[in-house]
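Scope of the values below: all heavy atoms of this structure, side chains included, with no hydrogens, waters or symmetry mates.
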Amino acid sequence: ETMNRRDRRQAERNAKKSNNEKSHELPIHLIQPWAVPIIHSKLPPEILQTMIEISDDVIADKNSISHGGYLAGQIDTELRVPHEKLNEVGAMNFFLDLCNHFVKVVKGQQYPYDAEKIQAEKLFIQMLTMWIVSQKPNEYNPIHIHTECQISCVMYLKIPKFESSKKTHRSQDDGSITFVSNSPKDPEFGATSISIRPMLGDIFIFSAHQQHLVYPYRCSEGDPERRSVSFNAVFETETSRKSRLAGESKHPMENPIKVM
C-alpha cells in the first residue's frame, strides 16, 4: 500500500510535468503592414510548356520586337511577347488571375483587419508589356525597379547547368535573382536581401517598386541559356474605378508603358 501511494504520487507529478511541457495551439495572425511580400509559386505544367513554346517562337522570329531599350539589363536578347499569343492559347487569364491573387494577399497584409472587405472587392487588372530575357554567361541585370506600373512578375523557362561558385560561402549568387529592401531595421528578425537560385517553372510576383537584380553566371556544359519571361501590370478596384470615372482621380492604366 505504501508503494502504491508512492507510485500514485509519482504518476501525478509526471502528469503535471507533462501538462506543463505540452505545447499549446494558439491562433496566430501575422501583422506586418510595413513589408510588401513576394509571392513564389510554380507554373502549372501546361502553362510552363505553353510559355516555352511561345518564347521559342518569339526568339526564332527575326521580326520579333526588341524590348531591350526599355530595360536595365546588360543582355543582348530581350524580346517583346505579343499579347495575341497569350490570348490565343488561353494563358492571359492565368496571369491576370495570379495578379488578382497577389493584390488581395498584399492588400490583406497592408490592412489586416479589412481582409473580408478586400476579398470581396472586384479588381480590374491589365497586363502591360511581357518580354523574354534570354540571358547568356557573363550577362547580368543590375539593381533596378519597374516604373509606371504596380505589379511585376518573372517566370523561369530554361535553367542552365551553372558552374560552381568560386567561393562556397556565396554559392547562391551566380545566376540568382536577388530581392533587396532597406526596410528591415532589426538584424535579429529581418533581412535586407534574399538571393534565390531559380528552378524550372518558378514564378515570382512582386511589387513593381521592389528592387531586384540578377547576377551573372558561368556555364561550361550544356545549353548556356538562362531564359525568363517577365511582365508588368496595373490594377484598380471597382471603388477606385467609379471614383475615376466620376472625374475624381486618375489611374495608372492611363500612363504610357515604360520599364526601367
>> For D223, give me all partners under salt bridge (charged side-chain N to carboxylate O under 4.0 Å, His left out), at least two apart in sequence or on another chain.
In response: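 Here the qualifying residues are K158.
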
> Does the pair F94 and D97 meet the rule for a side-chain contact (heavy atoms from CB on, under 4.5 Å), with working shown?
Replying inline: CA-CA 5 Å; F94 171 80; D97 286 345; 5.9 Å; no

For the residue pair [X] and [Y], establish whether any side-chain heavy-atom pair is separated by less than 4.5 Å.
X    : Y    : value
F179 : S181 : no
E163 : E221 : no
L157 : L43  : yes
V229 : V133 : no
I52  : D56  : yes

Nearest 0.5 Å, please: how far is [atom2] in [Y] from [atom1] in [X]?
X    : Y    : atom1 : atom2 : result
I205 : C99  : CD1   : SG    : 4.0 Å
I65  : T129 : CD1   : OG1   : 10.5 Å
C149 : N232 : SG    : CG    : 3.5 Å
M130 : L86  : CE    : CG    : 4.5 Å
R197 : D202 : CZ    : CG    : 12.5 Å
R227 : T77  : CZ    : OG1   : 10.0 Å

Under the ring pair (Phe, Tyr, Trp, His ring centres under 6.0 Å) test, which residues partner [X], sequence neighbours left out?
X    : value
F162 : Y217
F231 : F95
Y113 : H29

Enumerate the salt bridge (Lys or Arg N to Asp or Glu O under 4.0 Å) contacts for [range], please, sequence neighbours excluded, ordered by first and then second residue.
range            : result
residues 126-139 : none
residues 117-127 : none
residues 73-93   : none

> With a cut-off of 6.0 Å (strictly less than), are more than 12 heavy atoms of other residues, nucleotides or ligands near CD of E116?
Replying inline: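 Check fails, neighbour count at 12 or below.
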
If you take all heavy atoms of [X] and [Y], which pair is closest and at what distance?
X    : Y    : value
L71  : H67  : CG-O, 3.4 Å
R226 : P198 : NH2-CG, 3.6 Å
F235 : L123 : CD1-CD2, 4.3 Å
A233 : I125 : CB-CG2, 4.4 Å
P160 : C219 : CB-SG, 4.0 Å

> With a cutoff of under 4.5 Å between side-chain heavy atoms, which Ile, Leu, Val, Met, Phe, Trp and Tyr residues group with Y111?
Replying inline: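 Grouped by the 4.5 Å side-chain rule, I118 form the rest of the cluster around Y111.
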
> If you group Ile, Leu, Val, Met, Phe, Trp and Tyr whenever their side-chain heavy atoms sit less than 4.5 Å apart, what else falls in with Y215?
Replying inline: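 For the cluster that includes Y215, the remaining residues are I143, V180, L213.
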
Decide whether [X] and [Y] are clustered together by the hydrophobic rule: side chain heavy atoms of Ile, Leu, Val, Met, Phe, Trp, Tyr closer than 4.5 Å, transitively.
X    : Y    : answer
L200 : V154 : no
M92  : I151 : yes
L128 : F206 : no
I38  : V103 : no
M127 : I39  : yes

> Within 45 degrees of the axis of the six-membered ring of F124 and under 6.0 Å from its centre: does R241 put its NZ or CZ there?
Replying inline: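 Satisfied, under 6.0 Å and within 45°.
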
> Could you walk me through whether I132 and S55 pass the side-chain contact (heavy atoms from CB on, under 4.5 Å) check?
Replying inline: CA-CA 7 Å; I132 300 164; S55 59; 3.6 Å; yes

> Does anything in residues 36-63 pair up under ring pair (Phe, Tyr, Trp, His ring centres under 6.0 Å), and if so which pairs, sequence neighbours excluded?
Replying inline: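 For residues 36-63: H40-F204.
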
>> Enumerate the side-chain hydrogen bond (donor to acceptor under 3.5 Å, both in side chains) contacts for residues 98-108, please, sequence neighbours excluded, ordered by first and then second residue.
In response: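 Of all non-adjacent pairs touching residues 98-108, those that pass side-chain hydrogen bond (donor to acceptor under 3.5 Å, both in side chains) are K107-Q110.
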
> How far apart are the C-alpha atoms of V89 and I54, what are their side-chain angles, what is the distance that settles it, and do they pass the side-chain contact (heavy atoms from CB on, under 4.5 Å) test?
Replying inline: CA-CA 9 Å; V89 296; I54 287 176; 3.9 Å; yes

>> Angle between ring planes, H146 versus H212, binned at 30° and 60°: parallel, tilted or perpendicular?
In response: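 Correct class here is perpendicular.
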
> Are S240 and T237 close enough that a side-chain donor and a side-chain acceptor fall under 3.5 Å?
Replying inline: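 Indeed, the side chains of S240 and T237 share at least one donor-acceptor pair under 3.5 Å.
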
> Are T178 and S195 close enough that a side-chain donor and a side-chain acceptor fall under 3.5 Å?
Replying inline: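 A pair is found: one side chain offers a donor N or O, the other an acceptor, under 3.5 Å apart.
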
> Just by distance, do the side chain of Q150 and the backbone of S207 share a donor-acceptor pair under 3.5 Å?
Replying inline: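 A pair under 3.5 Å: no.
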
>> As a quick check of understanding, evaluate side-chain contact (heavy atoms from CB on, under 4.5 Å) for S134 and L79, giving each step before the final call.
In response: CA-CA 8 Å; S134 179; L79 302 171; over 6 Å; no

> What residues form a side chain to side chain donor-acceptor pair (under 3.5 Å) with E53, not counting sequence neighbours?
Replying inline: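 Counting only residues at least two positions away or on another chain, E53 forms a side chain to side chain donor-acceptor pair (under 3.5 Å) with Q49.
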
